[in-house]
Amino acid sequence: MTPKYKAPRGTQDVLPQVSWRWQRFEAAFRDICRRYGYAEIRTPLFEDTELFVRGVGEGTEVVTKQMYTFEDRGGRGLTLRAEGTAPVVRAAIEHNLAAQGRVQKLFYIAPIFRYERPQAGRYRQHTQLGIEAIGAPGPDIDAEVIALFHDFLKDIGLQGAMTHLSSIGCPVCRPAFSKALREFFNPKLDQLCDFCQARYETNPLRILDCKVPADVEARQGAPSALDHLCDECRAHYDGVRTYLDAVGVPYEVDPTIVRGLDYYARTAFEVVHPALGAKDVIMGGGRYDGLAEMLGGEPTPGIGFGAGLERLLLVLENAGRAGSQPASQVDIYIAAASPEARQPALQLAIELRRAGLTADLDYRLRGLRAQMREAARLGAAFTLLLGEEELRHNAVTVRNMETGEQQTVARTEIGQHLLSRGREQGETER
Ligand SMILES: [Zn+2]
Ligand SMILES: [Zn+2]
């Protein structure tokens with residue numbers, strides 16, 4: 001039967017067979033953020049459209065073609081979270097987090113919505129893991145942000161990723177770089193797409209960001225921002241490299257990394273993994289010192305990264321590091337041998353759960369044999385049998401599912417008995 005309703009194109013359901021992977025992954029990210037001193041921030045699923053138009057950049061592909069924009073019943077222009085950084089910086093300004101006198105180190109795990117052509121690991125709703133450090137100007141925080149992601153990959157067991165690092169300069173050195181780019185593109189101007197011909201006048205840096213194949217071709221051998229850094233940008237860039245070396249994070253210098261919008265400055269980086277292809281980025285980030293001011297706040301330096309969770313899971317899978325589901329889903333299975341035992345079975349299950357154990361039972365009025373099969377399938381360590389005999393003597397038969405050994409325990413002592421048996425088993429396994 002074809003179902004009448006399906007998840008919208010480009011979205012997916014995360015079913016229990018795989019959601020344990022997401023949970024494990026998110027727990028690892030929360031843990032590394034905690035150790036690095038980043039606290040969680042949660043912003044709304046939608047924002048004023050204008051925030052993304054400003055924050056992502058007018059004329060960018062995201063803004064012109066990919067946003068989920070709608071008008072609410074009050075006539076407000078709203079957009080589903082199209083990007084991770086702008087909402088966080090908006091919140092930092094709105095709540096005046098800078099007044100707390102510390103660098104704001106924030107992380108989020110949040111869905112991002114973009115109308116893109118669906119492909120492997122890319123969804124119209126995808127989940128982004130990100131951090132933002134707001135209020136720190138120096139190269140030390142840049143190295144820390146990059147190191148955090150490097151250590152995260154280590155924690156989740158992914159090897160073979162490479163960090164690509166560059167600097168895109170600042171408003172001081174950008175004019176000279178723009179001039180060099182104009183000189184380079186001038187003879188090839190008619191080969192560029194219409195957008196880039198306009199960008200040539202307004203912001204030639206963004207030609208370096210264009211995805212049109214002919215333009216990618218035309219920019220072979222284009223000047224590098226790294227060759228046009230002012231003294232301060234050079235010192236900052238050298239500082240980032242020194243710190244990365246000091247904390248043992250390997251990287252490659254890659255001047256092709258571009259951030260074509262004015263509020264980006266200096267450090268820019270990406271992490272790629274061969275399991276997705278050399279140009280397939282699993283994380284991207286950089287410094288956005290001009291963003292807070294552009295969103296109406298005080299000038300505030302900031303840096304952060306975003307990484308797509310679904311893509312990272314795909315990389316782990318392709319690299320054979322998907323991990324395996326925990327074998328046991330329950331500690332205790334309670335089998336009712338007769339209809340009269342069903343109520344005491346549910347009572348016992350809830351009692352054990354309240355005592356901190358994982359307990360489950362049959363809800364489909366199946367026979368004892370089917371219940372025992374289910375107990376084995378769920379990987380229960382013990383099955384508790386409740387039948388006429390047991391009820392009469394106010395007792396429970398405890399079956400060790402591994403050894404098959406059975407013993408009768410008084411109903412009043414069962415919780416204590418299981419907790420101590422569980423401890424013993426835990427000890428022998430260790
Ligand atoms: Zn500069
Ligand atoms: Zn172009």
Side-chain angles (χ1 to χ4, degrees), residues 56-66 114 116-117 135-143 145-146 165-244 253-269 279 281 284-294 299-303:
V56 181
E58 209 149 357
T60 57
E61 203 175 358
V62 172
V63 167
T64 54
K65 294 185 191 158
Q66 298 179 339
R114 285 190 194 173
E116 286 186 277
R117 214 152 60 81
D140 47 357
I141 196 86
D142 301 28
V145 164
I146 294 168
L165 177 74
S166 190
S167 172
I168 55 166
C170 72
V172 174
C173 44
R174 206 158 288 154
F177 180 45
S178 295
K179 184 163 174 278
L181 285 174
R182 283 200 189 92
E183 278 162 16
F184 175 82
F185 284 114
N186 187 282
K188 325 176 166 201
L189 202 50
D190 51 352
Q191 294 170 37
L192 300 178
C193 75
D194 291 348
F195 282 114
C196 286
Q197 295 197 8
R199 286 165 181 160
Y200 175 87
E201 297 297 340
T202 54
N203 184 355
L205 262 77
R206 288 186 54 196
I207 301 175
L208 303 175
D209 240 350
C210 183
K211 307 272 186 295
V212 174
D215 296 29
V216 174
E217 184 62 32
R219 65 173 174 256
Q220 294 294 323
S224 152
L226 286 176
D227 296 328
H228 294 83
L229 298 181
C230 65
D231 289 347
E232 278 186 47
C233 285
R234 171 63 56 188
H236 187 99
Y237 174 65
D238 290 343
V240 177
R241 299 183 61 174
T242 308
Y243 280 113
L244 285 176
V253 172
D254 181 358
T256 67
I257 300 174
V258 189
R259 295 280 182 277
L261 296 169
D262 286 342
Y263 56 83
Y264 287 112
R266 296 189 174 159
T267 310
F269 49 88
K279 262 285 128 192
V281 172
R287 187 165 267 288
Y288 45 81
D289 289 352
L291 180 59
E293 193 177 7
M294 207 194 58
T300 312
I303 182 166

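Counting starts at 1 for both ligands and their atoms, following the listed order.
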Arg182 to Glu201 - nearest heavy-atom pair and separation: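 In this case the closest contact between Arg182 and Glu201 is NH2-O, 2.9 Å.
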In plain terms, say whether Arg287 and Asp142 are close enough for a salt bridge, that is, a side-chain N and a carboxylate O under 4.0 Å apart.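 A salt bridge is present here (some side-chain N lies under 4.0 Å from a carboxylate O).
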How wide is the angle at the Zn ion (ligand 1) spanned by Cys230 SG and Cys173 SG, rounded to 10 degrees?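 Value, to the nearest 10 degrees: 120°.
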Indicate if the distance from the Zn ion (ligand 2) to the nearest N, O or S atom of Asp194 falls below 2.8 Å.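 Checking the Zn ion (ligand 2) against Asp194, no N, O or S atom falls under 2.8 Å.
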Take Leu181 and Leu205, measure what side chain to side chain contact (heavy atoms under 4.5 Å, CB included) needs, and give me the verdict at the end. CA-CA 7 Å; Leu181 285 174; Leu205 262 77; 4.0 Å; yes
Angle at the Zn ion (ligand 2) (to 10°), with one arm to SG of Cys210 and the other to OD2 of Asp215: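 So the angle at the metal works out to 110°.
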Vertex the Zn ion (ligand 2), rays to SG in Cys193 and SG in Cys196 - rounded to 10°: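 Output for this angle: 110°, rounded to tens.
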With a 4.5 Å heavy-atom cut-off, do Arg266 and Glu232 have their side chains touching?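 In contact.
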